[in-house]
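Here's the structure, in structure tokens; my notes come after.
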Amino acid sequence: MTTHEQQEQEVKRFFSTNLLEWYKVQKRDLPWRRHRNPYYIWISEIMLQQTRVDTVIPYFNRFIERFPTVESLADAPEEEVLKCWEGLGYYSRARNLQHAARQVKELYGGEVPNDRDAVFGLKGVGPYTAGAILSIAFNRPEPAVDGNVMRVLSRYFLLEDDIAKVPTRVKMERLAAELIPEGEASHFNQALMELGALVCTPKSPRCLICPVMEHCAARLAGCETSLPVKTKAKPPRPEERLAALVTGSGEHAGRVLIRQRPQSGLLARMWELPHWPAPPAEGGGPGALPEAAALDRLRRSLRQAGILARPEGHWTAAEHTFSHIVWTLQVYICREEDALALPLAAEARASYAAAAAVPAAADGAAGTGAAAELAPAEPFADGGHPEDAGAVRWIRREDMADYAFPNVFLKLLNSYFDEAEKEQL
DNA sequence: AAAACGGGGGT
DNA sequence: ACCCCAGTTTT
């Protein structure tokens, strides 16, 4: 063995032993670290995907209280799981998690399997989460490479590969596996992620308190802040939308109309205020749509969705940023026309739902050119909006507890009910 | 290989 | 106000 290879080995050994010692002293007291319950580890790892520890903690505690075991999760109504996930984002994680709980119940007697292929086969479990469960819960020497780990390794070993690429992750996994000290997979993998979260942070790493800074190649080269290398995500596309806050009349007095989103796609099965794409303003940029045009457009969208309501005026604007879209919602207060006519509205929705089941023309034509000129009762040029088939409910503030809302609608509804309450006084 | 899929924190 | 962060599934 050459001296160069010996040095390389020494740098690796230094990293592993120092990091492990640091972790044993510095590790945070986190709810899922208080027991070695594979179910807790699994739930926490799914929640921690794309999400920071501080955000996850209250969700984790509520979730475990409500679904203490794999079986309780497998047997729960899906809406309750979704409600528990409300505000956490990436809601397919919640549905995949319940699907996987049913897999564990049916296939493995309710015990999280201690087996690589079995864990991998669970819905919502990919290479990172499989490694995390196997190492943290069962102390198996599997790598668990997330963004934190790639940042730490790319700096310590000065690796300039693009961490957005799959081959880079595979390379990091090989390296991470090599670094695991005998019998210490659980602590070591957590140590790696803990270092990335507390010390080797993206913007201004705290190199002076880092347990391995002495041999950190990026630090020695003075390039730690330019690592890891990562291709930039493309900016989200803007979408202007008109939203309706419909207040009930007659038997719906004091209530607001909400509707459920489709079974798949963005915010699947979540509840919301109804909203539709805003037609582009005359020769104008976004947001320039005149109020009269917006009211007219909204009136026709409501009618087409089978909602008998009249838009009355602009209430507020709200912005909601996804990773790939930015919604600007112009919210209009609308008044339900006649509660007694609701059966008719239900009928309109049902017939529209049937029509919507027929494959419609490609999306994107909404509100452009001719569509803006159509008579009120005519469908839009693109065949309508897929959301319009969704179920609707009239709710009071107390009823919000029974429906899962994306954050933007949670805020709008709370704010509306606050205002409505104040006016009562 | 690239896009879809939320929400929050740092600067 | 703007920039950054990041696993799995679907296309």
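Protein chains get the first letters and strands the later ones, always in sequence-line order, with residue 1 at the start of each.
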*asked:* B:dG8, OP1 or OP2 - any side-chain N/O from A:Asn407 closer than 4.0 Å?
replied: yes
*Can you tell me, in whole Å, how much space there is between the C1' of C:dA6 and that of B:dA4?*
14 Å
*Distance test, side-chain N/O of A:His324 to OP1/OP2 of B:dA4, below 4.0 Å*: no
*asked:* Assuming nearest nucleotide by heavy-atom distance, tell me which of A:Thr321 and A:Pro167 is located more 5' along DNA chain B.
replied: A:Pro167
*Rounded distance in Å between the C1' positions of B:dG8 and C:dT9*: 23 Å
Pairwise N/O distances under 3.5 Å, protein to nucleotides 9-11 of chain B:
| from | atom 1 | to | atom 2 | distance (Å) |
| --- | --- | --- | --- | --- |
| B:dT11 | OP1 | A:Ser204 | OG | 3.0 |

*Taking atom P in both C:dT11 and B:dG6, compute the distance separating them and give it to the nearest angstrom.*
14 Å
*asked:* In whole Å, I'd like the distance from the CH2 atom of A:Trp327 to the P atom of B:dG6.
replied: 9 Å
*Does the pair A:Glu194/A:Lys27 count as a salt bridge with the N-to-O cut at 4.0 Å?*
no
Scan the side chains in residues 216-228 of chain A for donor-acceptor partners under 3.5 Å anywhere in the protein, sequence neighbours excluded, and list what turns up.
| from | atom 1 | to | atom 2 | distance (Å) |
| --- | --- | --- | --- | --- |
| A:Ser226 | OG | A:Cys223 | O | 2.8 |

Could you pull out all donor-acceptor pairs under 3.5 Å where a side-chain atom in residues 203-210 of chain A meets a protein atom, sequence neighbours excluded?
| from | atom 1 | to | atom 2 | distance (Å) |
| --- | --- | --- | --- | --- |
| A:Arg206 | NH1 | A:Leu198 | O | 3.3 |

_Defining pairs by Watson-Crick or G-U wobble geometry with both distances under 3.5 Å, how would you list the stems of DNA chain B with at least three pairs each?_
B:1-5 with C:7-11, B:7-11 with C:1-5
*asked:* So, applying side chain to side chain contact (heavy atoms under 4.5 Å, CB included) with A:Gln49, which one of A:Asp146, A:Thr129, A:Val56 is it?
replied: A:Thr129
*Summary of salt bridge (Lys or Arg N to Asp or Glu O under 4.0 Å) pairs that have at least one residue in residues 311-333 of chain A, sequence neighbours excluded*: A:Glu312-A:Arg335
*B:dG8 C1' sits how many Å from A:Leu410 CG, rounded?*
15 Å
Would you be so kind as to tabulate the donor-acceptor pairs closer than 3.5 Å made by side chains of residues 402-411 of chain A, with sequence neighbours excluded?
| from | atom 1 | to | atom 2 | distance (Å) |
| --- | --- | --- | --- | --- |
| A:Tyr403 | OH | A:Arg393 | NE | 3.4 |

*asked:* Just the rounded figure in Å: distance from C1' of B:dG6 to NE2 of A:His320.
replied: 6 Å
*Separation of the C1' atoms in B:dC5 and C:dC5, to the nearest angstrom*: 15 Å
*Rounded to whole angstroms, how far apart are CE on A:Met47 and P on B:dG6?*
16 Å
_I need the full list of ring pair (Phe, Tyr, Trp, His ring centres under 6.0 Å) pairs touching residues 111-170 of chain A, with sequence neighbours left out, sorted by first then second residue._
A:Phe15-A:Tyr156
*Going by an N to O cut-off under 4.0 Å, is there a salt bridge joining A:Arg169 and A:Glu173?*
yes
_A:Lys24: salt bridge (Lys or Arg N to Asp or Glu O under 4.0 Å) partners, not counting sequence neighbours_ = A:Glu184
*State plainly whether the residues A:Arg269 and A:Glu78 are in salt-bridge range, i.e. N to O under 4.0 Å.*
yes
_Please give me every residue in residues 262-273 of chain A whose heavy atoms get under 4.0 Å of an atom in DNA chain B, ordered by residue number._
A:Gly265, A:Leu266, A:Leu267
*Could you run down nucleotides 6-11 of chain C 5' to 3' and tag each one B, S or - for protein heavy-atom contact under 4.0 Å?*
BBSSS-
*Among side-chain atoms of A:His314 and A:Gln330, is any donor-acceptor pair under 3.5 angstrom?*
yes
_salt_bridge(A:Glu419, A:Lys422) N-O dist < 4.0 Å_ = no
*Please, which pairs that meet salt bridge (Lys or Arg N to Asp or Glu O under 4.0 Å) have at least one residue in residues 37-56 of chain A, sequence neighbours excluded?*
none
*asked:* Enumerate the side chain to side chain donor-acceptor pair (under 3.5 Å) contacts for residues 58-67 of chain A, please, sequence neighbours excluded, ordered by first and then second residue.
replied: A:Arg66-A:Glu80
